[in-house]
Amino acid sequence: MRRSHEPISWSLFGAGGMLLAFIGPGLIVSTLLLAWLVQDPQALHATLSSGLQHPLARLAALAVIALPLYHTAHRLYHGLHDLHITGPTWLLGGFFYGGATALSALCALWLFSL
Amino acid sequence: MGTIELVATRYRPEQDVQPWEQRYTVPCSEDMSLLDALNYIKDELDPSLSHRWSCRMAICGSCGVMVNGEPKLSCKTFLRDYREAGVVQVRALDNLPVERDLVADISGVVEHIEAVKPWLIRHSTAPVDTAHTQTPEQMARYHAFSQCINCALCYAACPQFGRNPAFLGPAALTLAQRYNLDSRDEGSSERMPWLNAEEGVWSCTFVGYCSEVCPKDVDPASAINRGKVASDINYGVNLFRLLRGKSDA
Amino acid sequence: MRKPWQPQQPRDWWLHNPAYRRYMLREATALPLMLYTLLLLAGIFQFSRGEVAFAAWLSWMQTPAALLLQGIALAAALLHAVTWVALVPKILVIDSDRLRIDPRQVLRAHQLGALAGNLGLVVATLWLLWPAGGA
Ligand code: SF4
Ligand code: FES
């Protein structure tokens, strides 16, 4: 029996799922409220900028993007298998998990170059 | 006592190229089980119909069939519950080869169950005059998982097993957990490779239907997903071993 | 003579049973949630480019298409949260000789945590938007 490397993607999937359950709906309501009620986008930008000064805040923002990306990529990857949509593992896995990794890296780049 | 329509999916390997449906009218009383109805057909209407059964009391696990699309033990299913539907559709368990009529071949499932070594493994031998004691709490830890009767309803309920019959599946992985959680057992290192494999816990996507259909409330979905946590930890420990230059376990 | 009939799983297997349809709906929550995460990622990019770009992103989030996506994502997030928390006590079982926690407590803790996390975030946002609070 060959050992599966699924524990890596499953752990990320689990962390993302937990995060989405704990703050997902609240986050969506929050961005709706932000975009709807904001009076002065410049001041909001300044407030968020000062909040993101702390590296831990940047790390938290990165987690809010990266973990849901891995979570949803994992579900969609397995969903395609369920729908009998098949392809080479390297291609599908590369697209979903590789895509989530690349986008997370970009997000880290943007956040940490603020 | 009224009657009810029973549609059985027939398959006779000698004559048939593929399964087909046959309609029977059977008596329907408050206390008649589906197994009673199948036996009525066999005895009174059509001796050529084949189905499996033994205990009539939900303990031997041999009478599993699909009833209106759901995996059920025919001895634990009552016709009275289908009066409203008006018709009972019966076919062999899904996801398994059909040997004949309502008889599914569960030998693949039995092989999967055997593979995970579902028995107590001891490396140290205890003296003959002392028992391996266990507290009630230690027993409660695996008790539900030990109630499995190997009926394979959970395999008929599992789309991942239907998709890939190499998947060890609910009952086998549950039994692996059952022994791994037993305080008297010392064999988990022999079972972990099966859990850790793609065909082990990692083919499961927690559909959860296996636990809904299980006639013994074993909750195989929970057992498998607790197995994922165990396999996850095992993966981390092994990674640590590899990093320290030790061999792959 | 043995000649077993080998069934093949039909491609549309999940349409034929309510339990499978519920499962597929749960899995499908991933699609709008991923798209919403991409929106957020775009927001971070625009934020990093400066105030003007950020303001443009904020007003773009008010376009009908973006609102529709956020509405669907909100429904998906709620379904995800409910189904996820319900499964936690079946996966996270703390039961050893040293420590045993009743699964009902595990469920309660996660329910309360999810409520607190989500409501807390909304309250924090409202506070941020309050004229005295920030923007
Ligand atoms: S886990 Fe339940 S459904 Fe599956 S074989 Fe055992 S008793 Fe039957
Ligand atoms: S006849 Fe034994 S379980 Fe139904």
Side-chain angles (χ1 to χ4, degrees), chain A residues 14 16-52 61-62 64-69 71-79 82-85 96 100 103-104 106-107 109-111 113-114, chain C residues 9 11 13-14 23-24 26-31 33-34 36-41 43-45 47-48 50-51 54-55 57-62 66-67 70-71 73-74 76-78 80-82 84-85 88 91 110 113-114 116-122 124-126 128-129 131 133-135:
Chain A
M18 201 58 99
L19 186 82
L20 278 171
F22 272 62
I23 63 160
L27 188 66
I28 297 171
V29 171
S30 293
T31 52
L32 273 169
L33 286 174
L34 268 189
W36 180 40
L37 292 177
V38 70
Q39 307 280 331
D40 181 354
Q42 283 190 352
L44 179 62
H45 190 275
T47 315
L48 291 176
S49 287
S50 66
L52 283 172
L62 177 60
V64 168
I65 298 294
L67 293 178
L69 280 180
H71 170 85
T72 54
H74 184 81
R75 273 204 162 153
L76 294 176
Y77 175 79
H78 285 279
D82 289 352
L83 292 170
H84 289 220
I85 298 170
F96 283 102
L103 289 173
S104 301
L106 269 181
C107 181
L109 188 76
W110 294 331
L111 277 170
S113 62
L114 280 178
Chain C
Q9 183 182 65
R11 187 181 273 267
W13 59 270
W14 55 276
Y23 160 73
M24 276 306 212
R26 184 192 81 191
E27 300 299 291
T29 58
L31 191 58
L33 287 174
M34 174 178 271
Y36 172 76
T37 310
L38 294 178
L39 281 193
L40 270 192
L41 182 60
I44 290 182
F45 175 58
F47 182 87
S48 74
E51 291 159 0
F54 183 58
W57 178 77
L58 276 177
S59 61
W60 185 80
M61 287 291 271
Q62 291 295 97
L67 285 175
Q70 290 173 87
L74 179 58
L78 286 169
H80 166 80
V82 169
W84 186 273
V85 169
V88 167
I91 304 170
H110 282 80
N118 285 298
L119 291 178
L121 196 58
V122 174
T125 308
L126 285 173
L128 186 71
L129 283 167

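Since the model is a prediction, treat every value here as computed from it, not as a measurement. Chain identifiers are assigned alphabetically (A, B, ...) following the order of the sequence lines, protein sequences preceding nucleic acid strands; residue numbering begins at 1 within each chain.
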Interface moiety of [X] toward chain C, non-hydrogen atoms closer than 4.5 Å:
| X | value |
| --- | --- |
| A:His74 | neither |
| A:Ser49 | both |
| A:Leu48 | both |
| A:Ala73 | both |
| A:Ile23 | both |

Would you name the heavy atoms of [X] and [Y] that are closest together and state the gap between them?
| X | Y | answer |
| --- | --- | --- |
| A:Gly26 | C:Leu121 | C-CD2, 3.7 Å |
| A:Leu76 | C:Met34 | CD1-SD, 3.8 Å |
| A:Pro25 | C:Ala81 | CG-CB, 4.3 Å |
| C:Trp84 | A:Gly14 | CZ2-O, 3.4 Å |
| A:Cys107 | C:Ile44 | SG-CD1, 4.0 Å |

Heavy atoms, side chains only, cut-off 4.5 Å: are [X] and [Y] in contact?
| X | Y | answer |
| --- | --- | --- |
| A:Leu20 | C:Thr29 | no |
| A:Asp82 | C:Trp13 | yes |
| C:Gln9 | A:His84 | yes |
| C:Leu33 | A:Ile28 | yes |

Q. Between C:Val82 and chain A, which part of the residue has a heavy atom less than 4.5 Å away: side chain, backbone, both or neither?
A.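 Interface part for C:Val82: neither.
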**Request:** With a 4.5 angstrom heavy-atom cut-off, could you sort out which part of C:Leu126 is near chain A: side chain, backbone, both or neither?
**Result:**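 Side chain of C:Leu126 only, per the 4.5 Å heavy-atom cut-off to chain A.
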For chain A, which candidate among [options] shows the most heavy-atom pairs at distances under 4.5 Å?
| options | answer |
| --- | --- |
| C:Ala77, C:Ala116, C:Ser59 | C:Ala77 |
| C:Gly50, C:Ala66, C:Ala28, C:Ala55 | C:Gly50 |
| C:Phe47, C:Trp60, C:Trp57, C:Phe54 | C:Phe47 |
| C:Met24, C:Met61, C:His110 | C:His110 |
| C:Ala124, C:Gly43, C:Ser48 | C:Ser48 |
| C:Leu39, C:Val122, C:Leu41 | C:Leu41 |

task: Step through the shown structure and confirm whether more than 12 heavy atoms of other residues, nucleotides or ligands are within 6.0 Å of CD on C:Gln62.
output: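 Enclosed: over 12 neighbouring heavy atoms sit under 6.0 Å from CD of C:Gln62.
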Problem set entry | Leading residue by heavy atom contact count with chain C [cutoff under 4.5 Å; candidates A:Leu114, A:Leu109, A:Leu106] |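 When all of A:Leu114, A:Leu109, A:Leu106 are compared, A:Leu114 has the most.
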Task: CG on A:Leu27 to CD on C:Gln70, rounded to 0.5 Å - done: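 Those atoms lie 10.0 Å apart.
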* Please identify each residue that fulfils ring pair (Phe, Tyr, Trp, His ring centres under 6.0 Å) with C:Tyr23, with sequence neighbours left out. =>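 Partners of C:Tyr23 by the ring pair (Phe, Tyr, Trp, His ring centres under 6.0 Å) criterion come out as none, since no residue qualifies.
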* For C:Trp14 and A:Leu83, indicate whether the former's side chain and the latter's backbone hold a donor-acceptor pair under 3.5 Å. =>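 Flag not set: sc C:Trp14 to bb A:Leu83 has no pair under 3.5 Å.
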* The single option from A:Leu69, A:Val64, A:Leu67, A:Leu103 passing side-chain contact (heavy atoms from CB on, under 4.5 Å) against C:Thr37 ->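 So, applying the side-chain contact (heavy atoms from CB on, under 4.5 Å) to C:Thr37 and each of A:Leu69, A:Val64, A:Leu67, A:Leu103, only A:Leu69 qualifies.
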- Query: How are the rings of A:His71 and C:His80 set to each other: parallel, tilted or perpendicular (split at 30° and 60°)?
  - Reply: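 Ring orientation of A:His71 relative to C:His80: perpendicular.
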### Pairs satisfying side chain to side chain donor-acceptor pair (under 3.5 Å), at least one member in residues 19-35 of chain A, at least two apart
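Every pair satisfying side chain to side chain donor-acceptor pair (under 3.5 Å) with a residue in residues 19-35 of chain A: A:Ser30-C:Thr125, A:Thr31-C:Tyr36.
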